[in-house]
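Here is the structure we will look at, set down as structure tokens.
Lettering follows sequence order; numbering is per chain, from 1.
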2 protein chains.
Amino acid sequence: MIPFFQFSKRYISLSKEAENAITEISKIILIKKHTELQPIGHTCKTIYFINKGIARIYYFKDGTDITESFSFENNIIARVESLFTGQPSRKAIQILEDAEIVAINSTLLFKLYDKFPEIERLFRLIVESAYVDTINRIEGIQFHSAEERYKALINEAPDVLKRVPLKYIASYLGITQVSLSRIRGIR
Amino acid sequence: MIPFFQFSKRYISLSKEAENAITEISKIILIKKHTELQPIGHTCKTIYFINKGIARIYYFKDGTDITESFSFENNIIARVESLFTGQPSRKAIQILEDAEIVAINSTLLFKLYDKFPEIERLFRLIVESAYVDTINRIEGIQFHSAEERYKALINEAPDVLKRVPLKYIASYLGITQVSLSRIRGIR
DNA sequence: GAATATATTTAACATAAGATAAATAATCAC
DNA sequence: GTGATTATTTATCTTATGTTAAATATATTC
């Protein structure tokens, strides 16, 4: 749990009691790559924090696999459209590199909010930050060519390029794999 | 302030004291259409709630005006990438129809969070919901054609089409005005 | 309500990205 | 390590959307 509490310090410093309360509702799991951490159709009741490895959220559009997002070490991953609405998710979480993951039970977490306002605040700040990232991502998609988006990704997240198969990156950028390959070929 | 508290009831029911505290840090303003409510380059310290009228957030990309979002009656509008980071915003808020707006001072609001956990919770829930909307919007952009996006907008927000000039809608959909006009022409 | 400014559509042409198929290259399983 | 599977690139052709410019249509101002 140490990496998670280090991560949380970026937002707020928790009391020992709050940390213990979070530890009690969490467990650490080891997962092999290519494994489905959460399947499509399942209502999400878990927030994950990645100690080691890579995960992605994906879904199918007309039979095509589309990557919504990637998460790396020291970051959170959750299917928020399900977590915050109670609706079953149309998305799945898949592990791309052997991973060690902290699984936080969200039902119990949300209950902790009453007893520990500091925990509620922590997750409020995490969501605010993720929301800002998403707003910025829309700006990135809205009026940039495929090539611009690819180059932006190289700059902002070179790790993705090194560690994730291109076929997953293409749909994340909103283009086909063939287009991505063509863009990469131009030099 | 009544419409705002009616809106907030969707998320949580506030105590009278909490409502009064919010009222004290808010003011109601009337603005004519085409007015700039907030200029580009200004660090955002206000959360707006629209009682009446329409507003949009926009920015410039290579000299072209791009609409990030619209907000109508009974909804919140804020430049969150500035509000939550303290950075100056590259975006502006513009009024598209004569408006009556509640302006909530965010600096004072964030201070109220300590005294009123229920207010912190309200805004946590509002942000969670806005975040989910934004995630869904990315899905809408990521792999749909211009025509699909236009038709989705007709279904989900027919009001936008009726009350907002097409030139603003085009960039919101991520296409040029000429493309939008062409799509509309097909019948 | 005429004159002006602004918004929308239409046309013609250019280009980026999609689709399909096939060729390589890389990875995995035994 | 060899064969089989999976990932990536390359080629060809098609199509949707961008670009520029001009023509209408609508809204605004005096």
Side-chain angles (χ1 to χ4, degrees), chain A residues 31-36 53-54 56 58 60-67 70 94-98 139-154 158-187, chain B residues 31-36 53-54 56 58 60-67 70 94-98 139-154 158-187:
Chain A
I31 319 180
K32 289 279 169 205
K33 78 165 153 182
H34 297 146
T35 308
E36 205 90 322
I54 306 177
R56 71 172 182 127
Y58 74 97
F60 289 98
K61 198 247 165 180
D62 302 338
T64 316
D65 172 322
I66 294 175
T67 299
F70 299 108
Q94 185 189 39
I95 301 302
L96 299 182
E97 254 183 27
D98 291 3
E139 191 182 329
I141 299 176
Q142 207 169 11
F143 258 94
H144 290 87
S145 68
E147 190 174 349
E148 286 174 310
R149 281 175 271 159
Y150 173 67
K151 288 189 173 155
L153 187 68
I154 293 178
D159 263 29
V160 177
L161 269 298
K162 286 189 202 103
R163 295 169 65 188
V164 174
L166 292 169
K167 61 173 177 171
Y168 297 143
I169 294 173
S171 65
Y172 173 78
L173 293 173
I175 57 178
T176 61
Q177 203 191 339
V178 174
S179 277
L180 177 57
S181 196
R182 179 163 36 204
I183 287 163
R184 285 161 53 83
I186 299 161
R187 188 124 345 272
Chain B
I31 319 180
K32 289 278 169 206
K33 75 165 156 181
H34 298 148
T35 308
E36 205 91 320
I54 307 177
R56 70 172 183 128
Y58 74 98
F60 289 97
K61 197 247 163 179
D62 302 337
T64 316
D65 172 322
I66 295 176
T67 298
F70 300 108
Q94 185 189 38
I95 302 302
L96 299 182
E97 254 183 27
D98 291 2
E139 191 181 330
I141 298 175
Q142 208 170 10
F143 257 95
H144 290 88
S145 67
E147 189 174 349
E148 286 174 309
R149 282 174 272 158
Y150 173 68
K151 288 190 171 154
L153 187 68
I154 295 178
D159 264 28
V160 177
L161 270 299
K162 285 189 203 102
R163 296 169 64 187
V164 174
L166 292 170
K167 61 172 177 172
Y168 297 144
I169 294 173
S171 65
Y172 174 77
L173 292 173
I175 57 178
T176 60
Q177 203 192 339
V178 175
S179 278
L180 177 57
S181 196
R182 178 161 40 203
I183 287 162
R184 285 161 52 81
I186 300 162
R187 189 122 346 270

Carboxylate-amine/guanidinium proximity below 4.0 Å for B/Arg56 and B/Glu36: no
Short side-chain N/O contact to D/dT8 OP1/OP2 from A/Arg184, under 4.0 Å: no
Nearest-Å distance for atom pair NZ/P, residues B/Lys32 and D/dT29: 12 Å
By ring pair (Phe, Tyr, Trp, His ring centres under 6.0 Å) - contacts of A/Tyr168 (at least two apart): none
Nucleotide interval of DNA chain C bounded by contacts with chain A (heavy-atom cut-off, under 4.0 Å): C/dA17 to C/dC28
Close residues, residues 159-169 of chain B, relative to DNA chain D [heavy-atom separation under 4.0 Å]: none
Distance, rounded to the nearest Å, where A/Leu180 contributes CG and D/dA7 contributes C1': 12 Å
Results of side-chain hydrogen bond (donor to acceptor under 3.5 Å, both in side chains) for A/Asp159 - residues two or more places apart only: none
Estimated bend of the helix from C/dG1-D/dC30 to C/dC30-D/dG1 (axis per five terminal pairs, rounded to 10 degrees): 60°
By ring pair (Phe, Tyr, Trp, His ring centres under 6.0 Å) - contacts of B/Phe60 (at least two apart): B/Tyr58
Rounded distance (Å) that lies between atom C1' of D/dT6 and atom NZ of A/Lys33: 12 Å
Any protein N or O atoms within reach of nucleotides 10-12 of chain D? Criterion: under 3.5 Å, listing atom names and distances.
none

Non-neighbouring partners of B/Glu97 that pass side chain to side chain contact (heavy atoms under 4.5 Å, CB included), sequence neighbours left out: B/Ile54, B/Arg163
With sequence neighbours excluded, residues passing side-chain hydrogen bond (donor to acceptor under 3.5 Å, both in side chains) with A/Gln177: none
Value in whole Å for how far the P atom of D/dT15 lies from CD of B/Glu147: 15 Å
Partner residues of A/Lys33 under the salt bridge (Lys or Arg N to Asp or Glu O under 4.0 Å) criterion, sequence neighbours left out: none
Spacing of B/Lys151 atom NZ relative to D/dA16 atom P, expressed in whole Å: 12 Å
Listed partners of B/Glu139 passing salt bridge (Lys or Arg N to Asp or Glu O under 4.0 Å), at least two apart: A/Arg90, A/Lys91
Whole-Å gap separating P (D/dA27) and NE2 (B/His34): 12 Å
Side chain to side chain contact (heavy atoms under 4.5 Å, CB included) between A/Leu96 and A/Phe70, worked out: CA-CA 9 Å; A/Leu96 299 182; A/Phe70 299 108; 4.1 Å; yes
Contacts of B/Leu166 that satisfy side chain to side chain contact (heavy atoms under 4.5 Å, CB included) - sequence neighbours left out: B/Leu161, B/Ile169, B/Leu180, B/Arg184
B/Asp62 CG to D/dT19 C1', straight-line distance once rounded to whole Å: 15 Å
